[in-house]
Amino acid sequence: MLTGLMQDRPLLISSLIEHAANCHPHAEIVSRTSEGPIHRCTYADIQRRAKQVARALTVLGVQPGDRIATLAWNGYRHMELYYGVSGMGAVLHTINPRLFPEQIEYIANHAEDQYLFFDLGFVPLLEKLAGSMPTVRGFVVMTDREHLPECSLPGLLCYEDLIGAQGSEGGDGGDGEDGEHYEWPQFAETTASSLCYTSGTTGNPKGVLYSHRSSVLHSWAACSVDGLALGSSETALLVVPMFHVNAWGMPYAGAMSGARLVMPGPALDGKSVYELMRDEKVTLALGVPTVWLMLLQYVDTVGLTPRDELCLRRVVIGGASAPRAMSERFATSFGAFVVHAWGMTEMSPLGTVCNLLPKHQGDTLEKRLAVQEKQGRAVYGVDMKIVDDDGARLAQDGRSAGHLLVRGPWITSGYYRDESGGTIDGDGFFDTGDVATIDADGYMQITDRSKDVIKSGGEWISSIALENAAIGHPAVAEAAVIGVAHAKWQERPLLIVVRKRGQELTRESMLQFLQGRVANWWLPDDVAFVDQLPHTATGKLQKMKLREMFEDYRLPTA
Ligand code: AMP
């Protein structure tokens, strides 16, 4: 083999913020803060302050590879930590504050976090947990001296004081090199950059350890036109939290592309999100279906006309299936196109994106919505296949459903400090645990999690397809479908519905609504009504819990 003669520059996260500071210095990062007001800064500010973070960590004795945790909402200080921590060679461990306290304790200990940076709102939680996090040497509250809370945390540090000491105004950081003139260290691109634990619906959460290389390559995919097409003309609202798979890589892709970023802080209710969209002229918004449901409900309750008031052009929906009714609402009421996307923590997360092809040009809304229901086509870098129970590859005919396997440079090769081992097959594929079809154009559609599939008479019924159809009913707030034991068919679907407040809905009218919307033999055998459905820390339906709740349930047909 002849070696190419191109420069071998490592793909480092620090290079992203350097690029943004050089080429998009004035592009804004707008944050709603925990303290209350809207804060505005630029990529140049983030770069300068991220260097101060890096310098401050060095002074604290943080070594390359050490894990530095955050417990924080989306905001500029969190973004500074994204660059400062990874840029100096340490590992940014973003903790999901919605996990149970025992899980937070477990993962901080499993990761052996050295310092923990946190938003003001998490003081009570940390006061309870601090004593059981022995590796944490100090807690840094992400605020200024003026807002410093009264609390009993050991070794409490104030973020602005800590990094201020490294700025040009604040002194020389102890050995003559101030934060502003800090040079990012250069190291191998395969070095670990950040760590995110899965929500652990079964067993303990598992750590996914990203590298600089994987994060930079993933950003390129996110910026690509048939990816999420992030660019400098976009104002992107990151509703997806920075503690969940690095906010789908947006803080990195934003710097790569110079997109203006809007960070909502802790306020994710419909009103707050709508007002940010309107006031900041957001063109692209990214989030899971649950937050969009809250937004749509707010719009309906107040009677707003988003099409006239907002500049929203696209909404990226992932993390759970985007129901057809949701894509339709965004098209008709907002004039915005829903970009359905699929991925997972183990995939950084981007796997597929549902953009339209030239052949869909001129399609009616109805036809387009049928395409948008699918999770989309693989972005370059993600090699994807579906297989049967024996591992044999299935046809890409849009009908055959099988286990979805993936491989690529931003997909995990194994969990962090995991004893169970063996997540990758002999060909290097990772089993996503999802079941899907792929059609002749390469559009993948998730039909279920493999453990949630409903096996009826030897065939599989997609619980997701049924849920999406049910959610189309105007009186349905949320729907879940689980398989319930059946003497003849092995399992049959039970539909569990949360009605919208003040709405009437009977079992019969629900079933009637579904007729013609799904295959006849998929029609649920019964409908149960509940006040609320159980969710995981990342907003997904907890089917296991639902199955436990309905353990003794007997179908009328059984
Ligand atoms: P997480 O690692 O918490 O992001 O969860 C990843 C899982 O969420 C995937 O394996 C899927 O089961 C589910 N998921 C993500 N995006 C979608 C989507 N667009 N449609 C259906 N399920 C999705």
Side-chain angles (χ1 to χ4, degrees), residues 13-14 16-18 20-21 25 28-31 33-35 37 39-64 66-95 113-123 126 136-149 151 153 155-185 193-194 242-243 251 255 261 263 265:
I13 282 174
S14 53
L16 295 171
I17 199 65
E18 284 303 299
E28 261 188 331
I29 315 297
V30 182
S31 313
T33 58
S34 289
E35 295 92 337
H39 175 277
R40 291 172 197 283
C41 65
T42 64
Y43 281 110
D45 296 327
I46 298 275
Q47 179 239 29
R48 182 174 47 80
R49 285 166 51 92
K51 287 185 169 189
Q52 291 173 221
V53 169
R55 186 76 194 128
L57 292 174
T58 311
V59 171
L60 286 175
V62 170
Q63 299 294 317
D66 281 353
R67 273 76 63 207
I68 304 298
T70 61
L71 202 55
W73 302 107
N74 292 8
Y76 68 102
R77 291 189 181 111
H78 207 173
M79 181 128 166
E80 290 158 10
L81 289 163
Y82 262 55
Y83 286 102
V85 172
S86 305
M88 63 87 70
V91 177
L92 180 83
H93 174 203
T94 51
I95 301 181
D113 294 327
Q114 297 285 305
Y115 282 90
L116 196 154
F117 288 70
F118 64 99
D119 269 344
L120 279 172
F122 299 119
V123 171
L126 283 175
V136 178
R137 289 192 276 147
F139 292 86
V140 186
V141 57
M142 291 159 69
T143 190
D144 52 21
R145 181 141 294 274
E146 203 184 316
H147 294 91
L148 214 55
C151 72
L153 286 171
L156 184 73
L157 295 165
C158 167
Y159 183 87
E160 290 299 333
D161 286 356
L162 180 71
I163 75 161
Q166 306 305 322
S168 49
E169 317 89 28
D172 69 5
D175 60 3
E177 191 193 25
D178 69 39
E180 221 160 293
H181 298 109
Y182 176 85
E183 290 289 331
W184 296 113
S193 57
S194 63
M242 289 168 81
F243 51 74
L261 300 183
M263 313 275 204

Could you tell me the separation between the [atom1] atom of [X] and the [atom2] atom of [Y], rounded to the nearest 0.5 Å?
X	Y	atom1	atom2	result
Y83	I17	OH	CD1	5.0 Å
Q63	M88	CD	CE	7.5 Å
T143	D161	OG1	CG	10.0 Å
I163	R77	CD1	CZ	8.0 Å
E160	Q52	CD	CD	8.5 Å
D119	L71	CG	CG	8.0 Å

Would you indicate whether the side-chain heavy atoms of [Y] and [X] approach each other to under 4.5 Å?
X	Y	answer
L81	M142	yes
E146	E35	no
R49	M79	no
F122	I95	no

inquiry  = Evaluate L153 against V141 for side chain to side chain contact (heavy atoms under 4.5 Å, CB included), listing each step before the verdict.
reply    = CA-CA 10 Å; L153 286 171; V141 57; over 6 Å; no
key: Side chain S193, main chain S86, donor-acceptor under 3.5 Å   = no
ask   = Side chain of T42, backbone of P25: donor and acceptor closer than 3.5 Å?
value =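 Yes; at least one donor-acceptor contact below 3.5 Å.
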Taking every non-hydrogen atom, the tightest pair across [X] and [Y]:
X	Y	value
S14	G87	CB-CA, 4.3 Å
M242	G75	SD-N, 3.8 Å
A20	A255	CB-O, 3.5 Å
C158	V140	C-CG1, 4.3 Å
T58	A54	OG1-O, 2.8 Å

ask   = Does any donor atom in the side chain of Y182 or Q166 lie under 3.5 Å from an acceptor atom in the other side chain?
value = no
ask   = Are L261 and Y76 close enough, and set up right, to give a side chain to side chain contact (heavy atoms under 4.5 Å, CB included), and what steps lead you there?
value = CA-CA 10 Å; L261 300 183; Y76 68 102; over 6 Å; no
ask   = Residues in salt bridge (Lys or Arg N to Asp or Glu O under 4.0 Å) with D144, at least two apart?
value =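 With sequence neighbours excluded, D144 shows a salt bridge (Lys or Arg N to Asp or Glu O under 4.0 Å) to no residue whatsoever.
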ask   = Which residues satisfy the salt bridge (Lys or Arg N to Asp or Glu O under 4.0 Å) test with D66, sequence neighbours excluded?
value = none
request  = Could you list the residues that satisfy side chain to side chain contact (heavy atoms under 4.5 Å, CB included) with T94, not counting sequence neighbours?
outcome  =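 Expected list: T70, H78, Y82, L92, C196, F243, N246.
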